[in-house]
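Structure, as structure tokens:
The structure displayed is predicted, hence computed values, not measured ones. So that the names make sense, note that chain A is the first sequence line, chain B the second, and so on, each numbered from 1.
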Amino acid sequence: MSLRVYNTLTQTKEPFREVASGRVGMYVCGPTVYSKSHVGHMTGPVIFDTVKRYLTYLGYRVTWVVNITDVDDKLIVQAAAEGTTVKELAERVTADYLECLSALGVDGIDVMPRATDHIGEILTMIQSLIQKGFAYASDGDVYFDVTKSKDYGKLSRRDPDELQAGARVEPSSKKHHPGDFALWKSSKPGEPAWESPWGAGRPGWHIECSAMSMKYLGEHFDIHGGGVDLVFPHHENEIAQSEAFSDRTFASYWMHNGLLTKEGKKISKSDPGTVVLMSDLLKLHRADTLRALYLSSHYRRPTDYGPSRLDEISRGLQTFLHFFERYERIARRSFYDLTPPARREEIVAPADAPGWFASIVEHRRGFLDAMDDDFNTGGALGELHELVRLLNRVADSERLESTDRDQQALAAFDRGVLILRELTAILGLFRKPSQTSKVRDDRLAGSLIELLINLRARVRKEKNFALADTIRDELSKLGVALEDRPEGTTWRLIDTEIER
RNA sequence: GGCGCCGUCGCCAAGUGGUAAGGCAGAGGUCUGCAAAACCUCCAUCGCCGGUUCAAAUCCGGCCGGCGCCUCCA
């Protein structure tokens, strides 16, 4: 199978064809930086980060652009409310956004242009649109004339005249048509402003995305993404102004992620109970848990967030974490240190490989097929679970933790684990070692735990199980879990993420 | 009212014409001094009603229910 992508423009899954051979340009609408990121804001970044990882894995050279909108009405209002400047507010909120991205492993963004750094490009574009007759100046403002655009509404399937009938659009005497939207807004005294042929003002909401995406990705690029709520009017307007400007197709594929709800309710500023700050969540949960939340269902479907949901996901992830510890016992090497192939290649089970190796290859195929099918991360995650179970079964049946294990089986198992690493890396999961490994590296703490384990082994030998159990219970209270195995006792830190 | 999305086990969720992945929770079992971890077994006919077809959760029609956008929004 090869990659197919759902395109909002055509409402179908289409085979992926890049504009320029071997390269992909991807633009995703970023935040308007007037308030800290909440859970919902990270949906797009994590999803498109995964999209980029997968495209890169397929061999494309991907350039990913995410804008920062740092001038806007909401910023002006919020800055005034806080008694600060727009600039200070924007910088502070941007810093929070960047921290969230980094914590979640969203590290594939290549360019993060700020609107205020591109006023020149924006003005050039507006002037061109006026010259071409697509826009008009009106009392200090400049508007895009939707009636001049032959296929306005093609993305959101809307008829400009219907908008008028709906009468939902604020009639403005400055506009020729109610559906016309601002490219440039005149400013009042005290507001951030730039000089323009139409007087002091600032860019309208949609124009910066057109100007910046074209600057960094060209007039026609591959993927334009964002939340579904941006389809209209934002993306519709972007298409209209961009294509009017360039006379070319703007983006080949329009990808829209479903929104996140909080216990079934829409996350909205007007309902404070629904707003959960990402920075707060990151204190309670492992980044992988949050990442897995976004990837647990298909990106186009809405996802519901709730504390119990995160606990559930965290429990599901434990299987992997426990397996990584097991792998370390077997291979005496950390799963996190494995370097898997960075590019997709065909893997066929060698004739002399054990029968179960073919099953591993099967699951890899299933994973890749799912990803090829419009980035079906939910299905891919399912394959991962099956892969781990298979690997555990192999470790059991081949007795890989014992000293007389079969070397050939071990080698094949090792290759299987490398495949697991390869696949988890595509999803951006398990990038950093667990807490347990860190404590294990701490000589004192690790040694003390080992000491207690050794003492406990002595009393166990003497059949003093009461004392042995006391040691285990007390350690458990301290957050250390003991597991007795034929090869000896192992320990790990008890997950503090889930409250039991 | 217009445009669009969705309804699969208690919960989450894949599957979009060939007879229901996976996870969480639950029950039983193997292993264990007991646990833990791991593994094994069990646990759904797909909102309702019609239709098309040899065959439908998957296609078509209708109905019921939930949601998004149409106004700022990831």
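Nearest-nucleotide mapping onto RNA chain B: of Gly30(A) and Ile313(A), the residue sitting toward the 5' end is Ile313(A).
Nucleotides G15(B) and A74(B) place their C1' atoms 28 Å apart, quoted to the nearest Å. Rounded to the nearest Å, the gap between the P atom of A56(B) and that of C49(B) is 15 Å. The gap from the C1' atom of U19(B) to that of C24(B) amounts to 27 Å, rounded to the nearest Å. A distance of about 31 Å separates the P atoms of C3(B) and C9(B), rounded to the whole Å. Using C1' as the reference atom, U30(B) and A14(B) are 30 Å apart when rounded to the nearest Å. To the nearest whole angstrom, the two C1' atoms, one in C11(B) and one in C48(B), are 23 Å apart. Rounded to whole Å, the C1' atom of U41(B) lies 44 Å from the corresponding atom of G4(B). Separation of the C1' atoms belonging to U16(B) and U58(B) is 4 Å when rounded to the nearest angstrom.
Closest of all the heavy-atom pairs between Gly226(A) and His235(A) is CA-NE2, 4.1 Å. The two residues Arg300(A) and His256(A) come nearest to each other via the heavy atoms CG-O, 3.5 Å. Residues Tyr336(A) and Arg421(A) come closest through the heavy atom pair CA-NH1, 3.9 Å. Among all heavy-atom pairs drawn from Asn67(A) and Met212(A), the shortest one is CB-CE, 3.6 Å. What you find for Gly379(A) and Ala370(A) is that their closest heavy atoms are C-CB, 4.0 Å.
Separating the NE2 atom of His41(A) from the P atom of C72(B) is a distance of 16 Å, rounded to the nearest angstrom. If you take NE2 of His298(A) and P of G15(B), they are 8 Å apart, rounded to a whole angstrom. Atom pair Asp72(A):CG and C72(B):C1' shows a separation of 8 Å (rounding to whole Å applied). Put simply, CG on Leu293(A) is 18 Å from P on A74(B), counting in whole angstrom units. If you measure from atom CZ of Phe367(A) to atom C1' of G23(B), you get 16 Å, rounded to the nearest angstrom. To the nearest angstrom, P of A21(B) lies 16 Å from CD of Glu362(A). Between the CD atom of Glu386(A) and the P atom of C24(B) there is a distance of 12 Å, rounded to whole Å. Distance, Asp369(A) CG to A21(B) C1': 13 Å, rounded to whole Å.
For Phe430(A) and Phe335(A), the distance between ring centers is not under 6.0 angstrom. Checked against the 6.0 Å centroid criterion, the rings of Phe413(A) and Phe357(A) do not qualify as a close aromatic pair. Taking the six-membered ring for Trp and the full ring otherwise, the centers of His298(A) and Phe375(A) sit at least 6.0 Å from each other.
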| query | What does nucleotides 29-39 of chain B look like as a protein-contact string, B for base, S for sugar-phosphate only, - for none, at under 4.0 angstrom between heavy atoms? | reply | ----BBBBSSS

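A close approach under 4.0 Å does occur between a side-chain nitrogen or oxygen of Lys266(A) and OP1 or OP2 of C69(B). Remark: His385(A) is not in phosphate contact with G22(B), judged by side-chain N or O atoms under 4.0 Å from OP1 or OP2. Look at Arg157(A) and you won't find any side-chain N or O under 4.0 angstrom from OP1 or OP2 of C70(B).
Residue-level contact check: Leu230(A) touches the backbone only, with heavy atoms under 4.0 Å from sugar-phosphate atoms and none from bases. At a threshold of 4.0 angstrom between heavy atoms, the contacts of Ser156(A) are confined to the sugar-phosphate backbone, with no base atom among them. Backbone-only engagement by Asn376(A) is indicated by non-hydrogen atom pairs under 4.0 Å involving sugar-phosphate atoms exclusively. Residue contacts shown for His234(A) are absent, as no nucleic acid heavy atom lies under 4.0 Å away. When heavy atoms are screened at a 4.0 angstrom cut-off, Gly382(A) is found touching base atoms of the nucleic acid. Here Gly44(A) lies out of heavy-atom contact (under 4.0 Å) with every strand. If you check every strand for non-hydrogen atoms under 4.0 Å, Glu383(A) touches nothing.
Shown here, A44(B) forms no base pair; nothing in the strands shown gives a Watson-Crick or G-U wobble contact with both key distances under 3.5 Å. Across all strands shown, C54(B) forms a Watson-Crick or G-U wobble pair, both distances under 3.5 Å, with G18(B). Of the nucleotides present, C64(B) is the one that pairs with G7(B) by Watson-Crick or G-U wobble criteria, both distances under 3.5 Å. Using N1 to N3 plus N6-O4 or O6-N4 for Watson-Crick, or N1-O2 and O6-N3 for G-U wobble, each under 3.5 Å, G33(B) pairs with nothing. Figure legend. U71(B) is base-paired to no nucleotide; pairs are counted as Watson-Crick or G-U wobble with both atom distances under 3.5 Å.
Taking only distance into account, the side chain of Glu312(A) meets the base of G23(B) through a donor-acceptor pair shorter than 3.5 Å.
Look at Arg92(A) and Asp96(A) and you find no salt bridge, because none of the NZ, NE, NH1 or NH2 atoms lies under 4.0 Å from a carboxylate O.
In this structure, of A25(B), C69(B), A74(B), it is A74(B) that holds the atom nearest to the side chain of Thr43(A).
Under the 4.5 Å side-chain criterion, counting only non-hydrogen atoms from C-beta, Val480(A) is in contact with Leu493(A).
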